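Taking it in order: structure first as structure tokens, then the write-up.
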Amino acid sequence: MVKSRTRPRELLLDIFATMPQGQHISAQELRDRIITEGGEVSLSTIYRALERLSEQGEIRSIMSARGQLWESVSGEEHHDHLICTKCGLTIEFHDDLLSGFGQSVAERKGYIYQESRFDIFGFCKDCKANLDSGTVSQVLQVLDNVTTMLDEGKRLTDSAARSIVNDKDRSVASSIERTRKILKQALDECDRALDVLEETM
Ligand SMILES: [Zn+2]
Ligand SMILES: [Zn+2]
């Protein structure tokens with residue numbers, strides 16, 4: 001009875017013990033792994049076991065783009081995390097400045113410092129590059145539209161000017177109206193391009 005109740009805990013501890021340092025795993029991935037190895041366990045059992053192991057200081061969780069992930073605490077060097085909120089890439093690093101910062105905050109607030117952890121969220125290099133190229137192609141598309149509109153505006157204005165010279169009054173008014181519309185669209189597109197650029201700055 002006791003044995004079957006402790007089994008998920010042992011299964012999980014085995015997995016964490018064999019995981020390379022720096023790897024973080026989700027509850028679902030843990031369950032998949034146990035099932036692949038012929039075990040049988042529900043996700044809720046895994047969650048309960050993870051919570052208990054975390055309370056006992058065996059493991060700890062970090063939040064990432066992939067949701068809550070877990071890592072082993074035993075025998076590890078203290079480290080903090082840089083987490084990409086887009087693809088989930090998680091980098092571990094150590095910086096004395098950060099633990100010094102944690103300590104000084106704790107002391108200023110009247111706490112006895114024990115430890116601090118920083119999860120820093122952002123876009124990784126690759127995701128930043130994708131983001132930048134996505135933005136650039138958006139701006140290029142907008143500028144392409146603007147060029148087409150301005151060309152069309154110029155053509156209409158030229159033809160309006162010719163009509164005035166030829167004294168064909170009727171078509172003049174409608175040409176000028178169309179020109180005005182197209183120039184307004186061009187200006188709107190310019191605004192959009194500026195918005196996109198501002199968002200990236
Ligand atoms: Zn870690
Ligand atoms: Zn990323």
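Since we're looking at a predicted model, the values are computed, not measured. Both counts, for ligands and for their atoms, begin at 1 and track the order of listing.
With the Zn ion (ligand 2) as the vertex, atom SG of C127 and atom SG of C84 span an angle of 110° (nearest 10 degrees). Rounded to the nearest 10 degrees, the angle OE2 (E92) to the Zn ion (ligand 1) to NE2 (H24) equals 90°. With the Zn ion (ligand 1) as vertex, E71 OE1 and H79 NE2 subtend 110°, rounded to 10°. Here the angle centred on the Zn ion (ligand 2), running from SG of C124 over to SG of C87, is 110°, rounded to 10°.
A salt bridge links E152 and R155; the closest N-O separation between the charged side-chain nitrogens and carboxylate oxygens is under 4.0 Å.
Enclosure of atom CZ in F118 by more than 12 non-hydrogen atoms of other residues, nucleotides or ligands within 6.0 angstrom is indicated.
Here the CD atom belonging to Q56 is positioned 4.5 Å from the CZ atom belonging to R9, to the nearest 0.5 angstrom. The distance from the CG atom of L69 to the CD atom of Q23 is 10.0 Å, given to the nearest 0.5 Å.
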